[in-house]
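Here, residue 1 is the first one in the sequence, and each next residue gets the next number. Whatever order the structure lists ligands and atoms in, that order sets their numbers, starting from 1. Computed from a prediction, not measured in an experiment: that's the story for all the values here.
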Amino acid sequence: QMSDEERRFQERIDEGVRIEARDWMPEAYRKTLVRQISQHAHSEVVGMLPEGNWITRAPSLKRKAILMAKVQDEAGHGLYLYSAAETLGVSRDKLVDDLLSGKAKYSSIFNYPTLNWADIGMIGWLVDGSAIINQIPLCRCSYGPYARAMVRVCKEESFHQRQGYDLLIQMCLHGTPEQKAMAQDSINRWWWPALMMFGPSDADSTNSAQSMQWKIKLFSNDELRQKMVDQTVPQAEYLGLTIPDPDLRWNEERGHYDFGEIDWDEFWAVIKGNGPCNRERLQARVDAHENGAWFREALDAHAQKQEAIRKVA
Ligand code: FAQ
């Protein structure tokens with residue numbers, strides 16, 4: 001049973017009114033947004049690790065500069081998103097604590113290792129590519145601060161996607177047979193995890209119905225996953241790479257590609273903390289936080305000193 005306030009809130013959503021931080025909102029709406037936005041922020045931050053792993057081994061100065069800029073952008077995205085979450089009355093310290101204690105989720109994709117240089121192109125092409133497909137609709141979601149943060153994030157993600165594809169064009173169309181083989185090995189490992197980024201199938205997506213009613217989500221997990229497949233298959237053909245799915249074929253009647261079943265056991269195992277790199281990723285964040293303690297303490301001491309000076313004056 002909806003209260004009058006809740007009914008009015010839903011009417012505003014249905015009319016396409018943007019909800020702002022100071023507006024009344026149901027507690028469950030606030031909670032859902034904190035969950036999704038903080039999970040998104042954590043993904044950006046943990047997402048720096050797989051690519052950061054290759055900065056010292058980039059094959060040229062140009063590629064190194066591009067990769068450093070991209071990884072820095074992800075840090076920036078994390079910061080915009082933590083700020084968007086803070087407008088909902090939760091502190092960034094609390095959100096970071098939840099990540100470091102293993103309580104909060106972040107995207108499953110960042111629990112896979114980057115084993116060769118083609119993986120850097122593959123992450124840009126497939127992972128940033130999937131991220132854009134998922135995030136473009138979020139620019140129109142019902143919560144103003146999240147929607148506005150997404151506009152800039154999407155512009156940067158689209159540059160990231162292009163740099164990944166450009167890297168793979170170099171390797172696949174202008175590279176040696178060994179480089180092309182490296183790219184094929186990479187897509188063999190990243191294809192399925194990239195499809196898993198969109199979340200469980202609609203039948204198992206517990207949050208979807210409510211989030212769609214509130215226009216936090218505008219498309220279902222399966223709809224966006226289909227969009228990713230349809231958009232990516234021709235790009236793989238151009239690169240001359242084989243997508244590791246024997247069931248993949250164009251369905252003239254549907255006007256979409258049919259594709260094989262995701263290994264859902266693998267998906268849930270990764271989400272529950274048992275993917276190939278979950279422990280390593282979390283440990284890297286815990287170490288970074290502990291190693292940064294002196295800096296937070298120094299900021300605190302500085303603030304207290306300034307406060308004392310102000311009081312005397
Ligand atoms: N990984 O009911 P649903 C990036 C959880 S892009 C982990 O369908 P929902 C850019 C879900 O939280 C990646 N957990 O959930 C970049 C829920 O658990 P809970 C980040 C997942 O929220 C590129 C449960 O499963 N993007 O970082 C995943 O309605 C390159 C049931 O699922 C975003 O976060 C998963 N893949 O839909 C950075 C986008 N899927 O909380 C660096 C915003 C599902 O009930 C380098 N988020 N779960 O315990 C969303 O659009 C949504 O949250 C979905 C999930 C679509 C991810």
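The single protein non-hydrogen atom nearest to atom 22 (O) of ligand 1 is R35 NH1, 3.1 Å, given as residue, atom name and distance. What sits closest to atom 13 (C) of ligand 1 on the protein, heavy atoms only, is S107 CB, 3.7 Å. Summary of contacts: the protein heavy atom closest to atom 18 (O) of ligand 1 is K105 NZ, 3.3 Å. The protein non-hydrogen atom at the shortest distance from atom 44 (C) of ligand 1 is P200 CD, 3.6 Å. In this structure, the protein non-hydrogen atom closest to atom 26 (N) of ligand 1 is H40 CD2, 3.7 Å. If you check which protein heavy atom lies closest to atom 23 (C) of ligand 1, you get D128 OD1, 3.4 Å. Remark: minimum distance from atom 40 (N) of ligand 1 to any protein heavy atom is reached at G199 CA, 3.2 Å.
Among the atoms of Q39, some N or O lies under 3.5 angstrom from an N or O of ligand 1. Considering both main-chain and side-chain atoms, S108 comes within under 3.5 Å of ligand 1 through a nitrogen or oxygen pair. Residue-to-ligand polar distances place N207 within reach of ligand 1: an N/O pair is separated by less than 3.5 Å. Considering backbone and side-chain N/O of E74, none are found under 3.5 Å from N/O of ligand 1. At under 3.5 Å, a nitrogen or oxygen of S205, whether backbone or side chain, sits near a nitrogen or oxygen of ligand 1. Backbone and side-chain nitrogen or oxygen atoms of N221 are examined, and one is located within less than 3.5 angstrom of a nitrogen or oxygen of ligand 1. Some N or O of N134 is nearer than 3.5 Å to an N or O of ligand 1, by distance alone. An N or O contact shorter than 3.5 Å is missing between D204 and ligand 1 by distance.
With a heavy-atom cut-off of 4.0 Å, E157 touches ligand 1 through its side chain alone. At a heavy-atom distance under 4.0 Å, no atom of Q210 approaches ligand 1. Proximity of M196 to ligand 1, defined as any heavy-atom pair under 4.0 Å, is confined to the backbone N, CA, C and O atoms. If you look at I271 next to ligand 1, the close heavy atoms, those under 4.0 Å, all belong to the side chain. Contact annotation: for F267 versus ligand 1, heavy atoms closer than 4.0 Å belong to the side chain alone. With a 4.0 Å cut-off on non-hydrogen atoms, F219 does not touch ligand 1 at all.
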Evaluation steps, side chain to side chain donor-acceptor pair (under 3.5 Å), between R63 and Q163 = CA-CA 9 Å; R63 289 289 168 196; Q163 70 82 33; 4.7 Å; no

Apply the test side chain to side chain donor-acceptor pair (under 3.5 Å) to residues W250 and E252: give CA-CA distance (whole Å), side-chain angles for both, the deciding distance (0.1 Å), then the verdict.
-> CA-CA 6 Å; W250 178 250; E252 191 65 48; 3.3 Å; yes

Please walk me through it: do H77 and R152 pass side chain to side chain contact (heavy atoms under 4.5 Å, CB included)?
-> CA-CA 9 Å; H77 297 174; R152 179 152 171 191; over 6 Å; no

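With ligand atoms numbered from 1 in the order given, ligand 1 contributes 2 (O), 31 (C) to contacts under 4.0 Å with heavy atoms of T206. Atoms of ligand 1 found under 4.0 Å from any heavy atom of A131 (numbered from 1 in listed order, with element): 6 (S), 10 (C). Interface of Y106 with ligand 1, defined as ligand atoms under 4.0 Å from a residue heavy atom, comprises 1 (N), 7 (C). Counting the atoms of ligand 1 from 1 in the order shown, those under 4.0 Å from a heavy atom of E44 are 4 (C), 10 (C), 16 (C), 27 (O), 38 (C). Every atom of ligand 1 with a heavy atom of G47 under 4.0 Å away is listed here by number and element: 42 (C), 46 (C).
At least one heavy atom of K70 sits under 4.0 Å from some atom of ligand 1.
Between R12 and E15 no salt bridge is recorded (no basic side-chain N to carboxylate O distance below 4.0 Å). Salt-bridge check for D4 with R8: failed, with every basic side-chain N at 4.0 Å or more from each acidic carboxylate O.
Each side-chain hydrogen bond (donor to acceptor under 3.5 Å, both in side chains) pair with one or both residues in residues 87-99, not counting sequence neighbours, appears once here: T87-Y143, K94-D98. Applying the ring-ring contact (aromatic ring centres under 6.0 Å, His included) definition to pairs two or more places apart or across chains, those involving residues 94-141 are W125-Y165.
Per-atom contact check: atom 28 (C) of ligand 1 touches the protein, criterion being a heavy-atom distance below 4.0 Å.
Around CZ of R162, the count of heavy atoms belonging to other residues, nucleotides or ligands within 6.0 Å does not exceed 12. The number of heavy atoms from other shown groups lying within 6.0 Å of CZ (R22) does not exceed 12. For H302, the NE2 atom is loosely surrounded, since the number of other residues' heavy atoms within 6.0 Å does not exceed 12.
The closest non-hydrogen atom to atom 9 (P) of ligand 1, taken over K217, Q36, E51, comes from K217.
Using a 4.5 Å heavy-atom cutoff, the side chains of V127 and M197 are in contact. Between E6 and M25 the shortest side-chain heavy-atom distance does not fall below 4.5 Å.
Defined by atom type and a distance below 3.5 Å, a donor-acceptor pair is present between the side-chain atoms of S186 and D119.
Across E5, E11, Q10, a single residue satisfies side-chain contact (heavy atoms from CB on, under 4.5 Å) together with R7, and that is E11.
To the nearest 0.5 Å, atoms NZ (K217) and OG (S142) are separated by 13.0 Å.
Residue I136 is not grouped with residue L224 when hydrophobic side chains (ILVMFWY) are merged at heavy-atom distances under 4.5 angstrom, including chains of intermediate members.
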